[in-house]
Amino acid sequence: MNGGAKLRVMPTAPTPRTHHRARSLSAVLAAPFAALALGLALSGALPARAQTVTETVAMRDGTGLATDVYLPAATPPFPVLVYRTPYDKAGMRDQANAVTAAADVAVVVQDTRGRFASAGVDCIFRCELGDGLGDGEDTLTWIDAQSWSNGTVVTDGGSALGIVQYMQAPTNPPGLTAMFVQVATPSMYDHAFFQGGVLRQAMMEGWLEAQGSAFFLDDVRAHPTYDAFWESVQTENRFGDVRVPVVHTGGWYDIFSQGTLDAFVGYQHRGGDGARGQQKLVMGPWTHSGLSQAGLQGELLYPDHAAAPTGLPSILITWLLYYLGLTPDRTALDAIPTVQYFTMGDVDDPTAPGNEWRSADDWPIPAAPVRFHLQPLGGLAESCPGDDGGVSAYRYDPADPSPTRGGANLILPAGPMDQSSIEARSDVVVFETPPLGGAVEVTGRVRAHLFVTADVVDTDLMVRLTDVYPDGRSMLVLDGAARVAARNGNDRLDLIAAGDTVEIDVDLWSTSLIFAAGHRVRVSITSANAPRFLPSSNDGTNYGGDATPVVANVQIGHSTSRASFIELPDPDRGATDFRTCAAPPAPTDGGVATDSGTPRDSGTLPDSSGGTDSGSDDGSPGSSGCGCRVSGLPAPRGAGALFGLVLVALVWRRRSPR
């Protein structure tokens with residue numbers, strides 16, 4: 001079945017039969033999957049069955065990956081739709097057959113290395129760019145050499161199926177024309193494993209154990225800080241090597257929300273030819289398992305139109321029809337806005353602002369980085385605290401960590417949940433505004449800058465931002481984590497001297513929400529959010545080390561000279577319309593990551609309006625650079641706990657357009 005070199009086939013005018021088949025493909029991708037399969041079976045629409053073969057595709061080290069090839073009954077060659085999964089390729093058999101029945105498109109579904117029918121050892125995404133391997137590149141090279149391939153390949157999939165796309169993209173595999181990525185990240189260390197230097201314990205331990213790949217935790221224990229081990233799964237330094245257009249889809253409560261944003265911004269502004277300026281972004285009010293769904297997310301019930309902007313199925317269909325070469329008309333493709341995002345609001349009041357889809361030409365949208373300063377007696381205001389503002393203190397005991405309730409979770413219950421019970425604990429300090437006299441919008445990257453004093457050598461800071469409803473519910477908007485010892489960068493640990501005051505930046509990632517009039521903006525701070533994050537032992541011990549837990553007494557400063565604040569980007573105000581209190585001193589070493597992944601002085605927060613170096617030679621504009629960075633990982637779900645298989649790539653096709 002091998003073929004020789006071939007001419008690249010780009011979208012050209014389809015024949016009348018191709019038009020018909022393209023319309024059939026639209027039906028396949030838009031209809032609920034169960035109804036589709038039943039309808040095809042009853043109608044006899046499945047052809048005298050399309051050819052299906054299983055191949056063992058040899059990687060460059062000789063390891064064979066089991067690969068199912070579904071070929072239409074028509075005469076080859078065909079464009080190819082590719083899925084690479086750690087969740088068993090057999091589970092996509094019906095969908096692949098339905099696609100080949102509806103259009104002259106070949107479908108390739110592969111078990112990734114060490115998973116199900118494929119040989120080797122599960123590499124947890126490191127075999128796309130690391131250890132001299134390149135499984136995605138090798139697979140697409142093999143596809144390109146087959147006589148049934150016309151040289152046009154589109155990859156699709158979400159979660160783990162999206163991560164493999166991000167990891168293989170910088171290799172520029174032959175034939176790769178476009179990608180459709182959902183709820184994934186291009187940066188595994190920062191977004192999946194060690195967010196702010198703190199292990200995402202429930203997610204990563206739970207997912208790896210469910211995969212039967214808990215052995216990888218030994219590697220995680222051996223590499224708790226960023227080093228060469230992680231380079232193959234941190235691809236932001238290779239955005240310039242990417243050459244294809246991509247649709248990046250994610251949710252504000254997804255485990256990889258910031259990863260979706262970072263990938264879009266990185267590809268859009270720093271990508272290579274073919275990628276730069278050709279990206280699309282969709283962000284909804286969704287959790288990882290609630291992608292493209294209206295209704296209940298966490299404990300908030302969103303309106304029906306929250307499911308998708310103009311229908312995500314139509315975006316997927318338009319994308320595939322064009323880039324698979326089934327239609328030459330770019331009209332529908334070009335009509336898709338560059339950025340579509342859902343701005344959340346009060347879900348109980350239909351007259352409240354928000355709960356609507358918006359579009360933009362870029363991300364982040366322009367916004368003033370408004371600083372809400374922590375005040376004595378639990379206040380939160382733009383005004384600067386006084387000289388005698390003092391501190392707020394709490395006692396954190398690792399034996400009784402503050403628990404997790406909602407958030408960007410995979411194994412644990414996810415989404416916006418009431419934090420009132422958490423905020424009532426004695427080891428949590430709370431700051432809030434009075435009831436708002438008017439609506440306040442927050443759209444963009446949220447960060448806290450805290451002056452912290454502790455009587456231990458290390459601890460963590462957990463910051464939650466909540467929307468307090470008039471009935472008292474404190475609904476989670478964002479949360480973030482930061483390890484004190486990792487304050488100077490993710491590649492080092494610098495313990496503190498007990499009693500010293502240090503400045504800590506806590507990245508809460510991004511959102512879009514309107515706090516309605518009468519609501520309050522609330523910030524809570526503690527040292528644990530367990531088991532979402534591994535509780536700190538406070539003694540400087542790393543994950544897996546022999547810890548001797550000690551109690552930490554922590555103080556958060558709020559005075560003129562130690563003016564802690566949370567930065568909330570407000571698009572309704574001018575870029576300079578915010579108050580700055582006493583400037584923090586410049587650090588002597590280290591830095592924090594900016595939106596574009598480059599070091600920035602840790603004494604100040606990056607500009608939430610999106611400003612970046614205007615002198616960069618990678619195409620990123622000076623006035624609208626990245627306002628983002630990443631998170632997360634994929635997984636299974638089941639009754640009561642996420643335990644089955646999450647094939648987010650199929651979500652769009654399981655729901656009718658709304």
Side-chain angles (χ1 to χ4, degrees), residues 196-198 371-398 400-402 419 422-433 446-466 468 474 478-487 495-508 520-529 533 535-536 538 550-568 579-585 587 592 602-605:
V198 187
R371 296 179 175 184
F372 282 76
H373 296 91
L374 310 188
Q375 306 286 337
L377 304 178
L380 185 67
E382 290 188 55
S383 59
C384 298
D387 290 336
D388 57 350
V391 299
S392 292
Y394 63 88
R395 180 179 183 273
Y396 160 56
D397 185 350
D400 181 27
S402 176
Q419 304 299 301
I422 309 296
E423 296 160 352
R425 290 174 56 102
S426 62
D427 58 356
V428 179
V429 291
V430 178
F431 305 86
E432 66 177 11
T433 66
V446 174
R447 295 178 175 87
H449 185 85
L450 306 177
F451 287 80
V452 180
T453 308
D455 63 354
V456 291
V457 297
D458 188 22
T459 192
D460 297 332
L461 276 300
M462 302 289 163
V463 179
R464 293 177 173 93
L465 172 68
T466 60
V468 183
S474 181
L478 291 171
D479 61 13
R483 182 177 180 178
V484 169
R487 66 194 179 280
L495 301 182
I496 61 174
D500 278 1
T501 298
V502 292
E503 298 173 47
I504 305 297
D505 290 321
V506 184
D507 186 354
L508 281 73
R520 300 170 186 256
V521 180
R522 180 177 289 174
V523 174
S524 63
I525 303 170
T526 184
S527 284
N529 183 355
F533 295 100
S536 174
N538 298 327
V550 294
V551 171
N553 292 288
V554 181
Q555 297 177 346
I556 308 297
H558 38 64
S559 62
T560 301
S561 60
R562 296 179 178 179
S564 299
F565 61 86
I566 188 166
E567 186 176 278
L568 304 179
R579 176 175 297 187
T580 301
C581 299
V592 295
S602 64
T604 57
L605 294 178

With a 3.5 Å distance limit and no angle check, can you tell me whether H373 reaches the backbone of E382 through a side-chain donor-acceptor pair? yes
Looking only at atom types and distance, does a side-chain atom of D455 sit under 3.5 Å from a main-chain N or O of N553, one as donor and one as acceptor?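 Confirmed, D455 side chain pairs with N553 backbone.
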State, without any angle test, whether R562 and T501 hold a side-chain donor-acceptor pair at a distance under 3.5 Å. yes
Do T560 and D387 have side-chain atoms, one donor and one acceptor, less than 3.5 Å apart? yes
Checking [X] now: which residues fulfil side chain to side chain contact (heavy atoms under 4.5 Å, CB included) with it, not counting sequence neighbours?
X	answer
R579	S383, C384
L465	V446, V477, L508, F515, V521, V523, I566, L568
P401	Y396, A528, A530, P535
S392	V429, F431, H558

Identify the two heavy atoms, one from P385 and one from S559, that lie closest to each other, and give their separation to 0.1 Å. CG-O, 3.5 Å
Restricting to non-hydrogen atoms, name the atom on A482 and the atom on V198 that form the minimum distance, rounded to 0.1 Å.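 Minimum heavy-atom separation between A482 and V198: C-CG2, 4.0 Å.
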F533: partners by ring pair (Phe, Tyr, Trp, His ring centres under 6.0 Å), with sequence neighbours left out: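 Checked F533 against ring pair (Phe, Tyr, Trp, His ring centres under 6.0 Å); zero matches.
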Set of salt bridge (charged side-chain N to carboxylate O under 4.0 Å, His left out) partners for D458, sequence neighbours left out: R483
Pairing residues for D400 by the salt bridge (charged side-chain N to carboxylate O under 4.0 Å, His left out) criterion, not counting sequence neighbours: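 Only R425 meet the salt bridge (charged side-chain N to carboxylate O under 4.0 Å, His left out) criterion with D400.
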What's the verdict on side-chain contact (heavy atoms from CB on, under 4.5 Å) for N538 and V551, showing C-alpha distance, side-chain angles and the deciding distance? CA-CA 7 Å; N538 298 327; V551 171; 5.7 Å; no
Residues that [X] engages under side-chain hydrogen bond (donor to acceptor under 3.5 Å, both in side chains), provided they are two or more places apart:
X	value
E432	R520, R522
S474	E423, T466
D397	none
D388	none

Worked check of side-chain contact (heavy atoms from CB on, under 4.5 Å) between V554 and S527: CA-CA 9 Å; V554 181; S527 284; 4.0 Å; yes
Using the side chain to side chain donor-acceptor pair (under 3.5 Å) rule, take E567 and H449 through it: C-alpha gap first, then chi angles, then the decisive distance, then the call. CA-CA 8 Å; E567 186 176 278; H449 185 85; over 6 Å; no
With heavy-atom distances below 4.5 Å as the criterion, would you say the side chains of [X] and [Y] are in contact?
X	Y	result
T526	Y394	yes
R487	I496	yes
L461	V484	yes
S402	V428	yes

Show your reasoning for whether side-chain contact (heavy atoms from CB on, under 4.5 Å) applies to E503 and L450. CA-CA 6 Å; E503 298 173 47; L450 306 177; over 6 Å; no
Residues V391, T453; criterion side-chain contact (heavy atoms from CB on, under 4.5 Å); working and verdict: CA-CA 9 Å; V391 299; T453 308; 5.9 Å; no
Output for pair (M462 CE, D479 CG), nearest 0.5 Å, gives 8.5 Å
